[in-house]
Amino acid sequence: MELLSLSGVSRQSIKQLISNDYLDFSRRYTLDSNTFTFLLENGTHVSLLANGILGINLASVDKHAKSIVLSCGIHGNETAPIEICSQLVTQILNQSLLSKHRILFIFGNIDAMNKGVRFIDENLNRLFVRTNAPVLLNTYEKVRADTIKHIVDSFFNGPQSEKIHYDLHTAIRPSKHEKFAVYPFLHGREYDLEQLAFLSACDVNTILLSQSPTGTFSYYSSFYHHAHSFTVELGKVKPFGENDMRNFSAVKKQLIALLSKEQVLLKHYNDCPITVFKVNQVINREHENFSLGFSENIANFTEFDKGDVLAIENGTPINATHNGEAIVFPNAEVAIGQRALLTVIPCEL
Ligand SMILES: O=C(O)CCC(=O)N[C@@H](CCC(=O)O)C(=O)O
Ligand SMILES: [Zn+2]
């Protein structure tokens with residue numbers, strides 16, 4: 001799907017296009033002017049800040065209002081989260097959902113969404129870094145990451161309030177824990193048990209504690225803005241229209257509660273059936289000659305024993321260091337220098 005220009009289209013028609021079908025609008029049209037804002041009858045301010053990036057603001061500042069970023073489509077073929085967010089936007093625009101909080105809805109990689117692929121030139125979810133290094137090649141994703149970072153920075157630098165970011169994904173392969181979340185490395189800050197109880201209410205009962213900085217979007221908002229941030233994996237990648245939305249009813253219900261209530265009522269963390277893992281190894285592909293030590297299509301969280309070969313790089317094996325060490329996100333085809341798999345081991349919080 002080629003993006004169409006909005007130049008020459010009246011403001012009223014743009015408002016109608018956005019309100020009729022926001023996902024379709026985002027996939028079809030490119031925003032030429034800087035921003036486009038309109039007001040709903042219930043007082044909600046809606047601002048289109050860039051292609052696929054929509055800000056929702058309250059009529060008046062409320063000291064309880066949280067600042068919530070819901071991102072999806074950072075990988076273009078991970079469609080279920082895009083459909084969930086698009087349904088939430090529709091409910092806000094048709095005023096069946098009144099948000100009590102500031103929200104930023106982000107469809108990450110619009111071009112990749114339109115082509116049904118993970119990315120166009122490079123993995124967008126490795127580009128959430130701040131650097132002064134000269135840009136050698138301005139890929140679609142580099143430009144998009146800059147736009148997203150800029151908008152997220154001004155959103156989180158707005159009114160001081162609780163900051164939350166759920167970056168919603170689906171995984172390439174099946175998983176022994178269908179829904180799970182990556183808790184970015186906190187540099188010594190405390191884990192937030194209420195956040196984990198919220199994720200549990202969303203049916204996300206497996207948490208991976210990252211142990212080092214990364215270039216992911218959730219790490220970016222966590223590190224630079226001290227937001228409660230997570231990469232949330234909601235199931236397996238499927239094309240648009242093929243997701244069984246019943247699998248996401250808990251997450252959708254909880255997101256609606258989060259947006260529409262001042263405070264969501266949650267179980268205590270100790271009463272949630274949460275399993276916690278910590279990252280044990282981050283195995284990067286450093287050479288052309290790199291292969292996995294197991295079949296490409298085994299499920300995430302498949303366990304290995306100490307000494308088992310997890311990958312072979314330039315003839316050198318990389319082994320599991322613990323019994324029960326499990327693999328997550330294996331992908332031998334990543335660009336050189338990027339993460340080819342994670343391994344995790346169970347831990348306590
Ligand atoms: O299924 C896969 O191999 C990839 C799924 C995915 O996109 N995962 C994220 C995780 C980000 C994080 O570690 O926080 C990614 O790889 O970008
Ligand atoms: Zn993803």
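The analysis underlying the following values was restricted to heavy atoms, covering all of them including side chains, and did not include hydrogens, waters or symmetry mates. Counting convention: from 1, in listed order, for ligands and their atoms alike. All residue numbers in this chain count up from 1 along the given sequence.
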Going by an N to O cut-off under 4.0 Å, is there a salt bridge joining Glu78 and Arg118? yes
Measure the acute angle between the ring planes of [X] and [Y], then classify it against the limits of 30° and 60° as parallel, tilted or perpendicular.
X      : Y      : result
His169 : His75  : perpendicular
Tyr219 : Phe223 : parallel
Tyr22  : Phe107 : tilted

Counting only heavy atoms not in Lys149 (residues, nucleotides, ligands), do more than 12 fall under 6.0 Å from its NZ? yes
So does Glu194 have more than 12 non-hydrogen atoms from other groups sitting under 6.0 Å from CD? no
Could you pull out every N or O of ligand 1 that sits under 3.5 Å from a protein N or O, with the distance for each pair?
from: ligand 1; atom 1: 1 (O); to: Ile172; atom 2: N; distance (Å): 2.7
from: ligand 1; atom 1: 7 (O); to: His75; atom 2: ND1; distance (Å): 3.0
from: ligand 1; atom 1: 7 (O); to: Glu78; atom 2: OE2; distance (Å): 3.4
from: ligand 1; atom 1: 7 (O); to: Arg118; atom 2: NH1; distance (Å): 3.3
from: ligand 1; atom 1: 7 (O); to: Arg118; atom 2: NH2; distance (Å): 3.4
from: ligand 1; atom 1: 7 (O); to: His169; atom 2: ND1; distance (Å): 3.4
from: ligand 1; atom 1: 8 (N); to: Glu233; atom 2: OE2; distance (Å): 2.8
from: ligand 1; atom 1: 13 (O); to: Arg339; atom 2: NH1; distance (Å): 3.0
from: ligand 1; atom 1: 13 (O); to: Arg339; atom 2: NH2; distance (Å): 3.2
from: ligand 1; atom 1: 14 (O); to: Thr231; atom 2: OG1; distance (Å): 2.6
from: ligand 1; atom 1: 16 (O); to: Arg126; atom 2: NH2; distance (Å): 2.8
from: ligand 1; atom 1: 16 (O); to: Arg339; atom 2: NH2; distance (Å): 3.2
from: ligand 1; atom 1: 17 (O); to: Asn125; atom 2: ND2; distance (Å): 2.8
from: ligand 1; atom 1: 17 (O); to: Arg126; atom 2: NH1; distance (Å): 2.9

In this structure, is the centre-to-centre distance between the rings of Phe230 and Phe198 below 6.0 Å?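 Ring-ring flag for Phe198/Phe230: false, centres at least 6.0 Å apart.
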Among the N/O/S atoms of His75, which is closest to the Zn ion (ligand 2)? Give the atom name.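 Result for His75 and the Zn ion (ligand 2): ND1.
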Output the atom name for the N/O/S atom of His169 with the smallest distance to the Zn ion (ligand 2).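 Going through the N, O and S atoms of His169 one by one, ND1 ends up nearest to the Zn ion (ligand 2).
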Indicate if the distance from the Zn ion (ligand 2) to the nearest N, O or S atom of Glu78 falls below 2.8 Å.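 An N, O or S atom of Glu78 is closer than 2.8 Å to the Zn ion (ligand 2), so yes.
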